[in-house]
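Beneath this line is the structure, given in structure tokens, with notes to follow.
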Amino acid sequence: MRHLRLNRAARTSALGTAALIAALSLTACQDGGQAAADASVATPGTSDTQPSADAGAPAPRAGGAAGSDSGEDSAPDTGQASGSGSGSATGPTKADPAAATRQDGGKDTGPVTRACDGGNSKVTLTPVPRPLNHMLLTVTNTGSTACNAYYYPFLRFGEAQSTPPVIEESKPQAVVTVLPGESAYAGVMTSSADGSGTGGYSTRKAVVHFQGRDGSGSTGPSANAPLSKAVYVDSTLAVTYWQTDMDDALMY
């Protein structure tokens, strides 16, 4: 009987030990699973301010957009760099300013170098009340392109062999460019107001010669300046440089 009681006690002890081991194993598994779950929720370095990339998104193609598998719907590669690096593909650079050009009717005609002359202009010579003994010489561009009225007119009255001198104080800051249909002006002092001039004579003939760009003499055809009545000129005869405004031409 004693041997039977010992066997029963041994079996009971073995069963208790096995139950304890199973309970401990189950607790360990539960604790490990919770720890893993906690670790997956709060992993250091993965805060919500900088989300990680979607592991399922396709990687960008070289030189193309992400997710484009054929390249047909993507913008073509123009070879222009989008940044400010020092690579060779930098795109177009800003062009230098173009030279000043003249616009006629919306068409770029380039720099104006053609001189106004009797072939592309007409002239008029009219007396003015002020200043005394002065006339206004007007040259009007009758051509289809702009021309330059260079320096001052070579004006001859009657049969004079020489042209009158220019009033140097009237020299403008730039060459006077005359657009089609527009005019330039020069003042003409025909004689002295106090009668101090010499060699005076009256005439109804006046001819205008034009200077070229180099200022070496007259260029192109001359132009007649018809006079409605005789004009008296003497040794004080003088002209101004070409001006863009008639008031400037009559200041001297």
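These numbers come from the heavy atoms of this one structure, side chains and all, not from hydrogens, waters or symmetry mates.
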Side-chain donor/acceptor of N120 to backbone N/O of A115, under 3.5 Å: yes
L136: hydrophobic cluster co-members (side-chain, 4.5 Å): V128, Y185, M246, L250
OG1-CG distance between T219 and D214, expressed to the nearest 0.5 angstrom: 8.0 Å
Main-chain N/O of P226 paired with N224 side-chain donor or acceptor, under 3.5 Å: no
same_hphob_cluster(L237, Y232) at 4.5 Å side-chain heavy-atom cutoff: no
Any T163 side-chain heavy atom under 4.5 Å of L155 side chain: no
Backbone N/O of E169 and side chain of Y252: donor-acceptor pair under 3.5 Å: yes
Modelled atom types, side-chain donor and acceptor of N148 and T177, under 3.5 Å: yes
Shortest non-hydrogen contact between G197 and D234, atoms and distance: CA-OD2, 3.5 Å
Beyond-backbone contact of T244 with V178, side-chain heavy atoms, under 4.5 angstrom: no
Considering all heavy atoms, the nearest Y150-T113 contact: OH-O, 3.0 Å
Inter-residue atom distance Q161.CD - R156.CZ, 0.5 Å rounding: 7.0 Å
Side-chain heavy atoms of V233 within contact of Y201, under 4.5 Å: yes
G187 to T240 - nearest heavy-atom pair and separation: N-OG1, 2.8 Å
Separation of R204 CZ from S228 OG (nearest 0.5 Å): 7.5 Å
Heavy-atom pair of closest approach, residues A146 and P180: N-CD, 4.0 Å
Side chain T236, main chain S192, donor-acceptor under 3.5 Å: yes
V188 reachable from V166 in the ILVMFWY side-chain graph, under 4.5 Å edges: yes
Euclidean distance, Y151 OH relative to R213 CZ, rounded to 0.5 Å: 9.0 Å
E168, CD atom: more than 12 neighbouring heavy atoms under 6.0 Å: yes
Geometric class of the Y152/Y241 ring pair [parallel <30°, tilted 30-60°, perpendicular >60°]: perpendicular
Spatial distance of atom CG (D194) from atom CG (L132) [nearest 0.5 Å]: 11.0 Å
Nearest heavy atoms of G217 and F154, plus distance in Å: C-CE1, 3.9 Å
Donor-acceptor contact below 3.5 Å, side chain Q243 vs main chain S170: yes
Residue pair V239 / L137, side-chain heavy-atom distance below 4.5 Å: no
Straight-line distance of S183 OG to W242 CH2, nearest 0.5 Å: 9.5 Å
Any side-chain heavy-atom pair of L179 and N141 under 4.5 Å: no
Minimum side-chain heavy-atom gap T140-K122 below 4.5 Å: yes
Minimum-distance pair of heavy atoms, taken over all atoms of A149 and C116: N-SG, 3.8 Å
